[in-house]
Engineer: 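My questions all concern the structure below.
Positions are given from 1, in the same order as the sequence printed here. Atoms within a ligand are numbered from 1 in the order they appear, just like the ligands themselves.
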Amino acid sequence: MPATILLTGGAGFIGSHTYVALVEAGYQVVILDNFSNAARDVPERLAQITGHAVIAHDVDAGDSLALDAVFETYAIDAVVHFAAKKSVPQSLANPQRFFNANIVSLLTLMRAMERHGVNRMVYSSSATVYGAPESLPIPEHAPLRYTNPYGLSKLLGEQFLNQKIRQPQGWDVGVLRYFNPAGAHVSGLIGEAPLSNGGNLMPLLARVAKKELPFLTIFGQNYGTPDGTGIRDYIHVCDLAKGHVQSLEKLLRHRQSHTVNLGKGEGHSVLDLVKTYEKVSGQTIPYRFQDRRAGDVAASFADPSMAADLLDFRAERNLWDMCQSSWRWETLSDPAWQLSEAKPTPRILKMPAAGLSPQDFRH
Ligand code: UDP
């Protein structure tokens, strides 16, 4: 009997890709999403990709009564918890709303899990918990700090879960600290929805390539990096999704809690991304330099060795794959682009004429 997984935020960017990875790994998955930051047709698209009916409920992960109904309906073995807000500017503008979504909801979900005897969770954390790193690459034992309410919410979430792990008969928890997720599923059917973007680089590159924006603003040109622009560890969202499956398997098979970085362990500058995106899209990406963005660090990339040792996880896809799949998603999902003068280049693969099956999309 395959395990049944409750996937909160399963219609969102990372959640939807993780749904595909879980189904391909043989799990039964129940999605909960309040669709505050995801398109309503995502479940339908997930059905197209996987070739299976999708169970998705329009439920807020902080709605205690609705959670009880879900746990009473399905025999849930573990929860993968994505449902949260992630925009740093939004967290600064309205911390209260942010804490409700990220902290109060997590505690409500944890209480509902306890009422129904579920004590295994994979938790979405972020490299933001390292603040400005003292050295690179960043290992998991680096000092933890926060620089905005979003970072604080992730740090507190980790700590609440650590308390649960330490209790007698404690929980089994996989805390996954993501670096910079980018790219999209190879089908071009799911990706990062524009409404979810809190100013992240790759969706902005796409908008400039599609001529929706006249130029990219690059924040900072005089960091102590080889080309002067900021360096980040970009990881393909499908690799990240696979990391969740491996984390879950560690919990289910070995009952081994863990806190690991999910990154590629390589840094790329903003200009590296501009050049690669220009190549995959066949479009010019004009840019202008501006002052550094408040709170940005010069460089951040993971020490990925603990995820490799503990979970046998390695991020395989490269920057080209991330840019190409992002462009495919951005152009296929955008009716305005289909009509525009600057059509997609021949590098964009055609969708199969009819009948999508998972085999069509395997890497
Ligand atoms: N960045 C940029 N222009 C933008 C958005 C981002 O130059 O419009 C840079 C940012 O300064 C950082 C990198 O791109 O060096 C990644 O930023 P993003 O917001 O995507 O992720 P972060 O690492 O800040 O969470």
Side-chain angles (χ1 to χ4, degrees), residues 12-14 37 84-93 98 102 124-133 136-138 142 145-155 176-184 191-237 240 261-278 285-302 315 319 322-323 326 330:
F13 175 40
I14 307 171
N37 201 12
K85 294 193 179 296
K86 64 177 178 183
S87 155
V88 172
Q90 271 177 26
S91 83
L92 289 162
F98 221 82
N102 290 17
S124 291
S125 190
S126 160
T128 190
V129 298
Y130 298 119
L136 293 167
I138 310 174
R145 46 174 81 97
Y146 64 90
T147 50
N148 51 59
Y150 167 66
L152 176 58
S153 74
K154 288 292 157 189
L155 212 49
L176 306 182
R177 294 179 179 155
Y178 313 148
F179 279 70
N180 288 59
E192 189 165 8
L195 66 163
S196 74
N197 181 29
N200 286 343
L201 181 57
M202 198 164 286
L204 287 167
L205 284 168
R207 293 188 64 195
V208 179
K210 287 194 283 180
K211 319 255 180 287
E212 288 171 17
L213 294 173
F215 57 86
L216 175 78
T217 301
I218 298 185
F219 300 125
Q221 67 181 125
N222 58 0
Y223 283 114
T225 58
D227 66 21
T229 65
I231 286 181
R232 295 290 182 277
D233 185 342
Y234 297 92
I235 174 170
H236 197 296
V237 64
L240 203 55
N261 289 336
L262 291 186
K264 203 163 160 56
E266 278 171 25
H268 290 287
S269 72
V270 178
L271 285 174
D272 287 338
L273 264 78
V274 170
K275 281 183 224 138
T276 310
Y277 217 95
E278 281 188 330
I285 301 187
Y287 56 83
R288 292 187 194 166
F289 288 108
Q290 220 184 60
D291 290 347
R292 296 177 182 190
R293 192 169 60 176
D296 268 0
V297 297
S300 162
F301 52 92
L319 191 60
M322 293 179 226
C323 293
S326 153
E330 293 280 355

Engineer: Side-chain donor-acceptor contacts of residues 217-224 below 3.5 Å, not counting sequence neighbours, with atom names and distances?
Structural biologist:
from	atom 1	to	atom 2	distance (Å)
Asn222	OD1	Arg292	NE	3.4
Asn222	OD1	Arg292	NH2	3.4

Engineer: Any idea which atoms of ligand 1 are less than 4.0 Å away from a heavy-atom of Asp296?
Structural biologist: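 Here the atoms of ligand 1 in question are 10 (C), 11 (O), 24 (O).
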
Engineer: Who pairs with Ala315 by side chain to side chain contact (heavy atoms under 4.5 Å, CB included), at least two apart in sequence or on another chain?
Structural biologist: Ile235, Asp239, Lys264, Phe313

Engineer: Answer yes or no: is there a donor N or O on one side and an acceptor on the other, between the side chain of Asp233 and the main chain of Gly263, under 3.5 Å?
Structural biologist: no

Engineer: Please could you name the atoms of ligand 1 that Thr217 approaches to less than 4.0 Å, counting only its heavy atoms?
Structural biologist: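 Ligand 1 atoms under the 4.0 Å threshold to Thr217: 2 (C), 3 (N), 4 (C), 7 (O), 8 (O).
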
Engineer: With a cut-off of 4.0 Å, which atoms of ligand 1 are near a heavy atom of Gly199?
Structural biologist: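 Numbered from 1, ligand 1 contributes 5 (C), 19 (O).
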
Engineer: When you compare the side chains of Asn261 and Tyr130, does any donor N or O come within less than 3.5 Å of an acceptor on the partner?
Structural biologist: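 Looking only at side-chain atoms, Tyr130 and Asn261 do form a donor-acceptor pair, the distance falling under 3.5 Å.
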
Engineer: Which atoms of ligand 1 sit under 4.0 Å from any heavy atom of Arg293?
Structural biologist: 5 (C), 6 (C), 10 (C), 17 (O), 18 (P), 19 (O), 24 (O)

Engineer: Answer side chain, backbone, both or neither: which part of Val270 comes under 4.0 Å from ligand 1, heavy atoms only.
Structural biologist: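 Just the side chain.
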
Engineer: Which of the atoms in ligand 1, numbered in the order shown and given with their element, are less than 4.0 Å from a heavy-atom of Asn180?
Structural biologist: 21 (O), 22 (P), 23 (O)

Engineer: Heavy-atom distance to atom 16 (C) of ligand 1: which of Phe219, Tyr234, Tyr150, Tyr287 wins?
Structural biologist: Tyr234

Engineer: Measuring from atom CZ of Phe289 to atom OG1 of Thr229, what distance do you get when rounded to the nearest 0.5 angstrom?
Structural biologist: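 Separation between the atoms: 6.5 Å.
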
Engineer: Within the structure, does Ile218 bring an N/O atom to less than 3.5 angstrom of an N/O atom in ligand 1?
Structural biologist: no

Engineer: So which heavy atom on Ala302 is nearest to which on Pro137, and how close?
Structural biologist: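 Of all heavy-atom pairs spanning Ala302 and Pro137, the closest is O-CB, 3.4 Å.
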
